[in-house]
Every structure is written in structure tokens, then in C-alpha cells.
Amino acid sequence: MKELSKTYDPKHVEDTWYSHWEKSGYFHSEPNKEKAPFCVMIPPPNVTGMLHIGHVLNNTLQDILVRKARMEGFETMWLPGTDHAGISTQARVERYIRETEGKTRHDFGREAFVERIWEWKEEYGGMIIRQLRKLGVSCDWERERFTFDEGLSEAVREVFVRLYEKGLIYKGKRIINWCPASHTALSDEEVVFQEENGNLWYFKYPVKGEEGRYLIIATTRPETMLGDTAVAVNPEDKRYTDLIGKTILLPLTDREIPIVADSYVDMEFGTGAVKITPAHDPNDYEIGLRHNLNFINIMNVDASMNDNVPEKYRGMDRYECRKTIVKDLDELGLLEKIEDHLHKVGYSERANVPIEPRLSEQWFVKMEPLAKPALEAVNSGKITFNPERWVKTYNHWLENIRDWCISRQLWWGHRIPVFTCTDCGWESAERKDPTVCPKCGCKNIKQDEDVLDTWFSSWLWPFSTLGWPENNEDLKYYYPTQDLVTAPDIIFFWVARMIMAGYEFMGELPFKNVYFTGLIRDLQGRKMSKSLGNSPDPLDVIEQYGADALRYGMMLIAPKGHDILFDTAQIELGRNFMNKLWNASRFVLMNVDENTQMGQLPKDRDLETADKWILAQLKRTIESVDKNLAEYRFNDAAKDIYDFTWNYFCDWYIELIKSRLYSDDTERKNTALLTAVFVLRNIVKLLHPFAPFITEEIWQSIKSETEKDLIVSEWPKAEILSKAEKAVKEMNLLMGVITAIRTIRSEMTVPPSKKADVLIGGGSDLTRDILNEQKDYIHSLAKVENLTIAAGVEKPDLASSAVVGDLEIFVPLAGLIDIDKEKERLEKEIAGFEGRIRGIQGKLNNPNFVSRAPENVVDHERNKLAKYEETLALLKENYQKLAK
RNA sequence: GGGUGGUUAGCUCAGCUGGUUAGAGCGCCUGCUCGACACGCAGGAGGUCACAAGUUCGAAUCUUGUACUACCCACCA
């Protein structure tokens with residue numbers, strides 16, 4: 001038998017077990033006709049990413065689902081991988097190259113730079129994959145994929161071409177969100193708005209032909225006035241009716257622009273007159289189209305001013321230009337006023353700089369046709385969302401879906417497979433790079449410079465990772481997958497699009513259930529972020545508490561669909577529980593010898609009340625864990641195991657069987673031991689998905705020689721014991737009596753070392769018989785010297801009493817307590833109660849209180865008073881007895 | 001402006017289909033080095049379940065409204 005150390009030390013076991021599992025091939029899966037598949041696709045983390053606490057939550061949840069399914073006998077496959085993360089990765093490597101070599105990507109050129117990113121990726125990328133292993137996730141590492149690997153790139157290209165041929169991909173001029181830091185377009189979803197204190201500037205625009213007349217406009221972005229091509233007013237606005245059709249001499253430029261009427265203009269806001277900059281604002285763009293205005297782009301890709309502005313401003317940064325324009329207009333006497341103005345500014349999610357609306361030509365996917373089956377799948381319940389309320393959010397987005405801007409002006413990503421002939425103008429999306437123009441036969445063929453949005457590969461993840469477009473065995477067997485576990489912030493980016501892609505390209509849903517986790521926040525409720533420095537490093541936490549403690553602690557505080565406030569105190573809770581389990585196992589194993597038959601339950605007729613009771617509680621726990629996990633109530637399942645292990649198995653059962661284990665009665669001893677081992681084996685199984693390492697470690701000591709490792713053992717079954725109601729009732733009675741005696745002892749400050757006499761009276765013959773049967777337990781657990789159980793028992797002098805059901809329990813105190821100390825204690829307590837009673841009486845005697853306070857409050861006070869008076873009487877009675 | 005959550009013990013949160021005396025962990029108080037565990041054991045104090053009205057034999061739970069709070073979507077020149 002193995003000697004277990006006094007406290008559980010995770011460090012020694014975690015790595016050993018992980019490599020054992022991996023070497024044994026438990027994580028790997030192949031299509032198996034004998035078994036039903038259970039497949040989960042990891043939400044691929046960024047290849048540049050480091051493990052953060054959100055990954056811990058997300059991957060622990062998946063691992064629980066996967067490990068449980070594996071124990072239930074499914075052919076389980078959890079496919080891991082990473083995302084090439086276009087902007088983040090490119091920016092990361094650009095910074096790296098700038099810092100180490102002082103070069104930019106342009107010094108390398110496209111091909112060489114992309115080559116550098118691949119090199120960087122091989123060396124530093126995928127750190128997160130190595131870190132995930134520390135968590136104990138049971139991914140099929142042989143199937144690891146990368147969104148930019150060969151197979152997935154082929155899938156991306158196939159998808160693009162199909163959509164292009166279907167006419168769902170088009171090129172269009174749009175005002176898009178431009179990131180001036182990474183020089184690329186962003187989708188709406190990649191823009192985050194932040195509220196900022198800005199200004200509203202009021203400028204006077206001189207009206208042509210009317211000396212001294214000005215139209216005052218308000219703007220939050222003065223620099224864009226250089227691109228104005230009109231001023232708009234509301235057609236209903238009487239203040240300006242006579243100006244419609246006239247023109248403005250745009251200050252600081254030599255341009256003359258029209259005053260147009262458009263109902264878009266809000267008469268209430270500002271002055272009711274709006275400057276129109278069609279090339280730099282989406283609404284202005286619409287107005288520009290309606291009124292056939294010029295579109296003047298005034299900025300370079302880095303948001304500095306370009307050659308379309310007067311020479312003075314050229315090359316200026318947008319904010320520098322803003323200052324200068326305001327100053328110049330002020331000098332011209334054209335600055336009316338400046339107001340403070342709170343408004344929202346769009347920031348690039350990845351680069352964290354304000355985005356600039358910019359008119360440019362981009363590729364789009366027409367989304368409406370794709371949205372229909374996706375909506376249907378979720379609303380009909382073919383795909384379930386947990387918690388369900390996310391369905392509404394999903395519907396809202398899909399019903400108002402906009403076309404998806406998929407082109408990015410980056411180098412790192414899947415290049416758009418559209419080719420054009422510079423000679424004849426032929427254009428097409430191609431599966432293979434063409435060398436000659438199919439139309440005119442020339443060789444002047446150019447591929448589009450842009451790459452695709454990262455999500456254009458992620459949305460294919462559930463099937464591209466299985467080998468699509470090839471229809472192979474894997475795809476047939478594993479698709480559709482089972483559960484998707486993800487944070488709700490990517491419901492549009494990713495979840496909705498995967499569903500659309502699943503139906504469009506596979507003709508079937510990509511997964512059956514989606515579980516949305518909560519967001520993890522710190523104790524102040526702030527999001528975890530690097531810049532705040534409030535995100536603990538999970539690896540440090542694992543180092544300190546162990547992976548099991550981290551996983552289990554997280555699960556305890558992860559209520560379905562709510563945000564989670566992370567606190568290491570909760571990980572301590574996990575650690576403490578692991579230690580508790582460790583020591584319970586240690587205790588059981590101390591009593592095991594080579595003859596103990598692991599996993600065998602004693603014969604029914606040998607089982608005593610306590611044994612039946614713990615088996616009944618175990619059964620109830622298994623049922624509850626099953627139900628809770630089926631409903632994705634991970635925290636409840638974790639709590640079930642916690643309560644059963646700690647409050648039932650440790651606090652009661654182990655204490656109850658101690659006397660049997662120490663006795664010479666080998667029959668009774670063996671029954672208790674076998675039951676304890678049996679229960680412990682089931683605990684360890686139930687807990688394994690949550691805390692894989694410690695449970696496997698314990699399992700090795702309590703499994704029979706022929707049994708397999710825990711990770712591939714069988715999930716517990718609830719049908720252990722059918723009839724135990726009687727045992728449960730009897731145990732409840734026994735536990736009530738023991739607790740009552742303990743309470744009396746504690747309240748009367750009976751030293752724990754002293755044994756007390758106890759008299760139990762009243763009750764029915766039956767209840768007394770039950771207690772008589774369990775007499776030994778009362779003696780040992782409640783420290784009882786002489787126990788008297790009889791129908792009629794007189795209350796002895798100087799005793800404390802309690803009532804349990806219809807039983808009365810007396811503990812004579814003579815000789816047990818230090819009379820002087822007890823008197824002192826009682827005096828203090830009596831004084832305390834008298835004070836409280838005076839307080840309440842004063843309140844009740846106050847006519848204002850009685851008449852004005854709500855009735856229930858008054859009643860409450862009265863009840864409190866009665867209770868206190870009763871207690872006081874008891875205390876006084878005891879005090880007088882003591883005084884004698 | 002539209003939507004979705006939350007408000008329960010000092011703190012962090014459970015409480016599922018309305019049903020005994022509303023629970024847990026931490027913290028606090030009292031007492032315990034009794035041979036699994038002080039990462040522990042036994043006991044205890046602490047609640048107008050945000051507020052108001054309603055439905056009901058019965059409401060933390062259902063309905064309506066209010067307040068505060070968090071998040072999501074759209075627009076704000």
C-alpha cells in the first residue's frame with residue numbers, strides 16, 4: 001500500500017499523470033463505428049496569446065464535458081488549435097522586428113515579411129497550447145490545427161470561390177472603419193465605442209452673395225471641414241428655408257459648396273445645420289449619394305492629411321490639424337463658440353486607437369441569404385443556447401444583419417483569391433492561381449492585394465478542421481459536433497457565422513448545444529485586462545494551489561451565464577477541498593490491507609443503518625450531479641460533490657465508522673471499510689472531470705488490480721441501493737440527537753475532554769428503539785459517558801435541555817462545568833438580554849412607533865420580545881440552580 | 001433611443017416547478033494540538049430577500065411599476 005503524505009502536493013502528480021494519459025493514447029480518437037461520437041471543437045485562441053483566466057474557465061468547462069462523455073463510453077474527440085489572428089499577430093511581429101532590428105515590414109517586402117511571421121510563429125507562437133496542458137485539458141493533440149495551415153487555407157479558398165460564384169461576394173465602395181495604426185479596414189464588430197469628453201465646435205460659414213451672413217454649423221471633428229462638399233439643413237426648418245440652393249464659401253479653402261435640404265438633419269441638435277463630409281462619415285456619405293455631391297478624401301492611410309487639403313495642412317496628423325484649423329478659424333473670426341460635449345468615439349479593438357471613417361473599396365459578403373437557415377436552426381431548437389436568453393440577442397443581430405466586410409489591408413492572412421487581367425479587365429475568383437488570362441491569354445495577371453478577415457477562416461472551424469472540402473471518414477463521423485463553449489462577446493463574430501457556414505457548406509448544423517460562459521471580472525467588477533494588471537497569471541495560480549484547485553474553485557463560482565468575480569480566496573476553497581478529499585482517502589487507506597476487495601460492496605444483509613444511509617446519499621448525489629451537468633449547471637454539480645464529500649462522507653460517515661474500524665469485530669469492520677472504499681471510489685469518479693489529477697492519483701490506490709485508469713473508467717451509476725428510506729429517517733434522528741447534545745455541551749462550555757451523562761426521554765417506543773440501536777454512535781460522537789433512554793425521564797437538577805422532535809434531551813451539568821466560570825458567563829448573558837429587552841420594550845411603549853410602523857414590523861418586535869423573555873427566564877432558572 | 005441581466009448575511013454568491021425555521025464559502029465570536037485533515041473539528045452571532053402595489057391559503061420565487069447598477073445593439077453632425 002502506498003503511503004500518502006499529510007497534505008496533498010499537486011506538483012508531484014500533475015505532470016506525471018498528464019504525460020501518462022497522453023502516452024496511453026486516451027486523448028486520441030479515431031472514427032469508431034461501435035461507439036457514438038462526442039466531438040467538441042476548441043474555440044481557437046490567438047496564436048500570439050498567453051493563457052489567461054478566461055481560458056481557464058472556458059477550457060475547464062469543455063474538459064468537464066469531454067471527460068464525462070469519455071467515462072460514459074462515447075468516442076470522445078476534443079480538437080485543439082489556434083487562430084492566426086491577422087491584425088494582432090502582424091502587429092506583434094512588426095513590433096518585434098522594429099525593436100530587435102529597427103526595421104519595418106516594408107523593408108522586407110510582402111513575401112519576406114510573411115516568411116518572418118511564420119518563423120516567429122514557429123518559435124514563439126502557440127505558447128498557449130503548451131500552457132493549456134498544465135490545466136489538464138484532454139485534447140486530441142494529434143489533431144491540432146491552425147487556421148492558417150494548409151488544409152484550412154484550402155477550405156477558406158473553396159468557400160470564397162463558392163460564395164463568389166454564387167454572387168454573394170461583391171466589391172463595394174463604402175465608408176468603412178479604418179484603423180490608422182494597422183492601416184486596414186475593420187468590421188463593425190471590431191470597433192469598440194468609448195465615451196469621451198470632447199468638444200462641439202461652432203463655426204461660421206459665410207454665405208455667398210450675402211455679405212455678413214453666416215450659417216453656423218456644429219462639429220466634433222473640425223479637421224474634416226477640409227473635406228466638406230455641402231452643408232445640409234432640414235427641409236422643414238424655417239430658419240434656413242431661404243438658404244436652400246445657395247452656396248457657402250468654405251473657409252480655409254477656395255471651394256464653394258451647396259446648401260442642401262435633407263430630412264436626416266436633426267433640427268434640435270446644434271444649430272440645425274450640418275457640414276457634410278461624404279468621404280469621412282457614413283451618414284454624410286448617404287447624403288452625398290442622395291444629393292450627388294463630391295467625395296473628397298482628405299486623409300492618408302495613417303490618418304494624416306493628404307494632398308487634397310490646402311498646402312499648409314498637408315502631412316499634419318489629424319489631431320494636430322484639428323488644433324490648427326480651430327486656431328485659424330478663430331483668427332478669421334469664424335469661431336462662434338466651443339461647447340463641452342460628451343460623445344462616443346470608436347476605437348480599433350486590436351490597436352486601441354480611434355478609428356477613422358474612410359471611403360474605400362472593400363470586399364463584402366452578402367449575409368441575408370445565409371442568415372435565414374441560421375435563424376431557423378436556433379429558433380426551432382435544433383441548436384440550443386444556454387442560457388437561453390442569448391437567443392434574443394442572436395435573433396436581433398441576424399434579423400438586422402449587415403453585409404460583412406471581409407477584406408483587410410494586411411499581409412498576414414489568407415490572400416483574397418481574386419485575379420484580374422490588367423490587359424482585358426477579366427476578373428474572377430479562382431481555386432488555383434492562374435498563369436494566363438483565360439479571356440485574352442496574356443500573362444499580365446494580378447492577384448488582389450488584400451487578405452481576408454481572420455473570422456473568415458474561424459467560421460469554418462467545425463468542419464474545416466475535419467478535412468473539408470474533402471468528404472472523408474472524420475467529417476462523416478464527427479460532424480456535427482456536440483457542444484460549443486464560448487464567451488458571449490463573440491456570439492456575432494463567431495457563433496452566428498459558424499452556424500451560417502455550417503448550413504451553407506455542410507447543409508447541417510455545426511454543433512448541437514452552445515454554452516455561453518460568463519465574463520470574468522476582478523473583485524471591483526472590472527474586466528480582466530493586461531493594461532489594468534488585474535488579471536492573475538493562471539500558471540502562477542497553478543504553481544501555488546495546483547491545477548485541480550484552480551479548476552474546481554472556478555467551477556464553484558461559475559453560475560450558469562453570469563459574470564464571475566475572480567478572487568484567489570475561491571481558489572483556496574478549491575485547494576482546501578482537494579486537501580480534505582486527500583485526507584479522507586488517506587484515512588480510508590490507512591485501514592485497507594491486502595485482503596480488501598476494492599470496489600466490492602458488502603452483502604445487503606451486512607449493511608448497517610449508517611452504511612445504507614451513506615449509500616442513499618451517494619445515490620442522490622449522483623442523480624443530482626447528472627442532472628446538473630446535463631443542464632450545464634456546473635457550479636451546482638461541483639457543489640453537490642463538495643457537500644456530499646465534506647458534510648456527509650467526512651463529517652458523519654467517517655466519524656460514524658471510526659468506532660467500527662477500531663473494534664475487533666472483523667465482520668462489522670470489513671462492512672464499514674468496503675462501504676467507505678466504495679463511496680470514495682464514486683466520489684473520485686464524480687470529481688474526475690472537475691479535478692482530474694488528484695482523483696487519478698487517489699484512484700490508483702483504491703482500484704482493483706484489473707481495473708483501468710480513472711480517466712477511462714466508467715461513470716457512476718445511480719442505481720446503487722433501492723430501499724433506504726428507513727435508514728435515512730433513522731440517521732436523521734440520530735444526527736439530530738447528536739447535534740443537540742453537542743450544542744448543549746458547547747453552550748454550557750463543557751470542556752471537550754469531559755464526557756457527559758445524557759438522559760433522553762419522551763418519544764415513541766420506536767424512536768427510542770432506534771436510538772438504543774445506535775447507542776454506540778451517540779457515545780462516541782457526542783462524548784457521552786452514561787446514556788439513559790427511557791419513556792419517562794425526570795429533568796435532573798442543574799441540567800440543560802433540548803428538544804428534538806418529540807424527544808427531550810437532558811444533560812446534567814454537575815461536575816462537568818466550572819460553576820464560577822459558568823455563573824460569570826450567565827451573568828453576562830442575562831445582562832445582555834435584559835438590555836435588549838429594555839430596548840424593545842421602550843420601542844413598543846413609544847406610541848409613535850406602534851401607530852406609525854407597519855404592523856408586521858411591530859409584530860416582529862413583539863415576537864422578538866417574547867423570544868428574548870423566554871430565553872431570559874431559562875437563563876435565570878439555570879443561574880439560580882447554579883447558585884445553589 | 002431599443003434590448004438583456006443584476007439587486008438575498010459585513011464580503012462574494014447559491015436558492016431550478018411559489019410550499020417547513022431563506023442556504024454556502026470567506027470574515028467575525030466561543031471552545032478544541034480526541035491517532036485523516038488547523039488547507040482542520042464542534043458550536044454560535046448575523047437577513048424588512050432594493051422599494052411599492054397586485055395575484056395566492058401561502059411570494060426571495062409569479063405580475064406591474066419605481067429606483068439603483070452592469071452589459072449589449074443602434075444613432076448622436
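Chain letters run A, B, ... following the sequence lines, proteins first, then strands; residues in each count from 1. As a basis for the values below, the full set of heavy atoms in this structure was taken, side chains included, without hydrogen atoms, waters or symmetry mates. As the structure is a computational prediction, the values presented were derived from the model and not from experiment.
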So, under a plain 3.5 Å distance rule, would you say the side chain of A/Glu747 forms a donor-acceptor pair with the base of B/A42?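 A donor-acceptor contact between them is absent.
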In whole angstroms, how far is the C1' atom of B/A36 from the CZ atom of A/Phe649?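 Distance check: A/Phe649 CZ to B/A36 C1' gives 11 Å.
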Provide, to the nearest angstrom, the distance between the CD1 atom belonging to A/Ile698 and the P atom belonging to B/C37.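 Interatomic distance, CD1 of A/Ile698 to P of B/C37: 15 Å.
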For nucleotides 72-74 of chain B, tabulate all protein N/O to nucleotide N/O atom pairs closer than 3.5 Å, reporting atom names and distance.
| residue | atom | partner | partner atom | Å |
| --- | --- | --- | --- | --- |
| B/A74 | O3' | A/Arg402 | NH2 | 3.4 |
| B/A74 | N6 | A/Lys344 | NZ | 3.3 |

Please check if the side chain of A/Asp403 supplies one atom and the backbone of A/Met367 the other of a donor-acceptor pair under 3.5 Å.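 The answer is yes, because a donor-acceptor pair under 3.5 Å joins these two groups.
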Hey, where does RNA chain B pair up into stems, meaning at least three consecutive Watson-Crick or G-U pairs with distances under 3.5 Å?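 Stems for RNA chain B, defined as runs of 3 or more consecutive pairs: B:1-7 with B:67-73, B:10-13 with B:23-26, B:28-32 with B:40-44, B:50-54 with B:62-66.
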Check the phosphate of [N] against [X], side-chain N and O only, distance under 4.0 Å to OP1 or OP2. Yes or no?
X	N	result
A/Lys580	B/C37	no
A/His341	B/A77	yes
A/Asn583	B/G40	no

Pairwise salt bridge (Lys or Arg N to Asp or Glu O under 4.0 Å) hits with a residue in residues 215-224 of chain A, at least two apart: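 Qualifying pairs, neighbours excluded: A/Arg221-A/Asp281, A/Arg221-A/Glu356, A/Glu223-A/Arg322.
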Please report the distance separating the P of B/A22 from the corresponding atom of B/A60, rounded so that it comes out in whole Å.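 Nearest-Å result for B/A22 against B/A60 at atom P: 10 Å.
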Could you tell me how far B/G58 sits from B/U21 if I compare only their C1' atoms? Round to whole Å.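 After rounding to an integer number of Å, I get 15 Å for this pair.
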Using a heavy-atom cut-off of under 4.0 Å over every strand shown, decide if [X] touches base, sugar-phosphate, or nothing.
X	answer
A/Arg742	sugar-phosphate
A/Thr277	nothing
A/Trp646	sugar-phosphate
A/Glu655	base

Partners meeting side chain to side chain donor-acceptor pair (under 3.5 Å) with [X] (sequence neighbours left out):
X	answer
A/Tyr642	none
A/Asp776	none
A/Trp652	none
A/Arg239	A/Asp237

Side chain of A/Val265 - closest among B/A77, B/A14, B/G40: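 It is B/A77.
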Test side-chain contact (heavy atoms from CB on, under 4.5 Å) applied to [X] - qualifying residues, sequence neighbours left out:
X	value
A/Pro278	A/Thr229, A/Ile276, A/Leu293, A/Phe295
A/Pro282	A/Ile175, A/Pro357
A/Arg290	A/Asp262, A/Tyr264, A/Glu286, A/Ile287

Quick one: which protein N/O atoms are closer than 3.5 Å to N/O atoms of nucleotides 27-35 of chain B? Pair and distance per line, please.
none

Taking all heavy atoms of A/Phe690 and all of A/Ala637, pick out the closest pair and write down the distance.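 Scanning both residues completely, I find the closest heavy atoms to be CZ-CB, 3.9 Å.
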Enumerate the protein-to-nucleotides 20-25 of chain B contacts in which both atoms are nitrogen or oxygen and the separation is below 3.5 Å.
none

